[in-house]
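Below is one structure, written out as structure tokens, with a few remarks after it.
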Amino acid sequence: MHASSAKPEAARSGGSTSGARATQRRSASERRGTAGAGGAGASRPGTSAYIYGIVPADVELTSDTLGVGDPPGAVRLVRYGEIAALVSDVATDRPLGRPNDLMAHERLLDEAAAEVPVLPIRFGAVVTDTRAVVDELLTPHHDEFLATLNALEGQAEFVVKGRYVEQTVLRKVLEENPEIARLRDEIRDLPEEATWDTRMRIGELINASITARREADTAALVDALAPLCVDIAVRDPTHEQDAAHLALLVRTDRQPDIEKALDVFGKRWEGLVGLRLLGPLAPYDFVRTQESG
């Protein structure tokens, strides 16, 4: 196993088809309206309105845009003023929470983010009907949402994930920590039950060494990538062998620069760290709506 080329790959895969694309801007008079405007339609009897996120009102959806549910529900736009909510109907007697639902929710937002600014709403956000989308979400927060969408124009989130190659990083830890090597030699020929405390100590030293290496490697990535980003956030590790886990808010025209910078690290860490670049994604780490939880 070796460090992968730091090229972007699909952030989500499988499941429902979805898409969003920007079209020519409508006039303010055409956009200003209620839930019935812009082809939003009303929620069907026996259903509630599931909300995915907020986008500019001049977005149009492809005809095959699908979301959560089994079968997946058709996604529509509920417009108010200069913003719109991505919404689909969900049956009131069907609980949400299946992995496929979460994947469909994130996939829709990520595909939208590749084309237009989007404010993600937390997974599972449901209101009674389309009218409630306007009255409870879009109307009271219109100006706040619009300002954030304008600030995100031309930007998207990318995630950098680095994972140590286990045998390589352990070999480096042993080379750099003589105490670990000494303790391993001391217990080499002893029965396991007689060396429990020492084994625990070795484990603690190895974990501390990997943590220190992770912090140093993460800092090196942050220093290199920060000048290319609008913002950057360090995520908590999700695995004991994580080398780095970063969320980047990036102008989409800087994506090639991000890839080049990661290629440099991929070569530097060849055989030690596998790197992945995921995106573009919705800006989950950098915006929070009133309903994002």
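In this structure, the separation between OG1 on Thr65 and CD on Glu111 is 8.5 Å, given to the nearest 0.5 Å. In this structure, CZ on Phe265 lies 8.5 Å from CG on Asp217, to the nearest 0.5 angstrom. Distance check, rounded to the nearest 0.5 Å: CD1 of Ile83 to CG of Leu149 gives 7.0 Å. From Ile202, atom CD1 reaches atom CD of Glu186 across 8.5 Å, with rounding to the nearest 0.5 Å. How far CG of Leu248 is from CG of Leu277: 7.5 Å, rounded to the nearest 0.5 Å. Rounding to the nearest 0.5 Å places OG1 of Thr195 at 12.0 Å from CE of Met200.
Nearest heavy-atom pair, Gly266 versus Leu275, reported as atom, atom and distance to 0.1 Å: N-CD1, 3.8 Å. Here the closest non-hydrogen pair linking Val133 and Ala49 is CG2-CB, 3.9 Å. Closest approach of Pro227 and Ala224 over heavy atoms only: CD-O, 3.6 Å. Considering every non-hydrogen atom in both Ala261 and Leu225, the closest pair reads CB-CD2, 3.8 Å. Between Leu77 and Val59 the shortest heavy-atom distance is CD1-O, 2.9 Å. Nearest heavy atoms, Tyr52 versus Ser88: OH-OG, 2.7 Å.
Residues Val250 and Val230 fail the side-chain proximity criterion, which asks for heavy atoms closer than 4.5 Å. When side chains are defined from C-beta on, Thr148 does not count as touching Ile54, because their heavy atoms never get closer than 4.5 Å. With contacts defined as side-chain heavy-atom distances shorter than 4.5 Å, the pair Val75/Leu66 does not qualify. The shortest side-chain heavy-atom distance between Asn150 and Pro117 does not fall under the 4.5 Å cut-off. Side-chain contact between Val169 and Val165 is absent, with no heavy-atom pair separated by less than 4.5 Å. The side-chain heavy atoms of Cys229 and Phe158, taken from C-beta on, include no pair separated by under 4.5 Å. Within the 4.5 Å cutoff, the side chain of Val116 has no heavy atoms near those of the Glu153 side chain. Residues Leu183 and Arg201 form a side-chain contact, since some pair of their non-hydrogen atoms from C-beta on lies under 4.5 Å apart.
A donor-acceptor distance shorter than 3.5 angstrom exists from the side chain of Gln155 to the backbone of Ala151, with no hydrogens or angles considered. Looking at His105, its side chain does come within 3.5 Å of a backbone N or O of Ile121 through a donor-acceptor pair. In this structure a side-chain-to-backbone donor-acceptor pair under 3.5 Å is present from His142 to Glu82. Checking side-chain atoms of Tyr50 against main-chain N and O of Gly124 turns up a donor-acceptor pair under 3.5 Å. A donor-acceptor pair under 3.5 Å links the side-chain atoms of Thr218 to the main chain of Ala243, judged by distance alone.
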Inset, instruction - Just do the side chain to side chain contact (heavy atoms under 4.5 Å, CB included) check on Thr128 and Ser48 with the steps written out, would you? - result: CA-CA 5 Å; Thr128 54; Ser48 297; 5.6 Å; no
Inset, instruction - Quick one: do Asp135 and Tyr80 satisfy side-chain hydrogen bond (donor to acceptor under 3.5 Å, both in side chains)? Show the steps, please. - result: CA-CA 10 Å; Asp135 293 345; Tyr80 176 78; over 6 Å; no
Inset, instruction - Decide yes or no on salt bridge (charged side-chain N to carboxylate O under 4.0 Å, His left out) for Arg107 and Asp110, but give the supporting numbers first. - result: CA-CA 5 Å; Arg107 183 169 50 250; Asp110 293 341; over 6 Å; no
Inset, instruction - Could you walk me through whether Arg235 and Glu157 pass the salt bridge (charged side-chain N to carboxylate O under 4.0 Å, His left out) test, one step at a time? - result: CA-CA 13 Å; Arg235 287 182 168 184; Glu157 179 169 325; 3.4 Å; yes
Legend entry - Candidate pair Leu246 and Val222, rule side chain to side chain contact (heavy atoms under 4.5 Å, CB included), full reasoning: CA-CA 8 Å; Leu246 305 177; Val222 169; 3.8 Å; yes
Inset, instruction - Apply side chain to side chain contact (heavy atoms under 4.5 Å, CB included) to the pair Leu205 and Glu179, showing each step before the final yes or no. - result: CA-CA 9 Å; Leu205 290 172; Glu179 184 180 0; 3.8 Å; yes
Inset, instruction - Tell me, with the steps shown, if Asp101 and Phe123 meet side chain to side chain contact (heavy atoms under 4.5 Å, CB included). - result: CA-CA 9 Å; Asp101 290 328; Phe123 173 66; 3.8 Å; yes
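Lys260 has no carboxylate O lying under 4.0 Å from a charged side-chain N of Asp263, or vice versa, which leaves the two without a salt bridge. The residues Glu176 and Lys172 are annotated as not salt-bridged, no charged nitrogen and carboxylate oxygen being separated by less than 4.0 angstrom. Under 4.0 Å is where a charged nitrogen must lie from a carboxylate oxygen, and between Arg79 and Glu60 at least one such pair does. Electrostatic pairing of Asp242 and Arg214 does not count as a salt bridge here, judged by no charged N lying under 4.0 Å from a carboxylate O.
No more than 12 heavy atoms of other residues, nucleotides or ligands shown are found within 6.0 angstrom of CZ on Arg184.
Partner of Val127 under the side-chain contact (heavy atoms from CB on, under 4.5 Å) criterion, out of Val134, Val87, Ile51: Ile51 alone.
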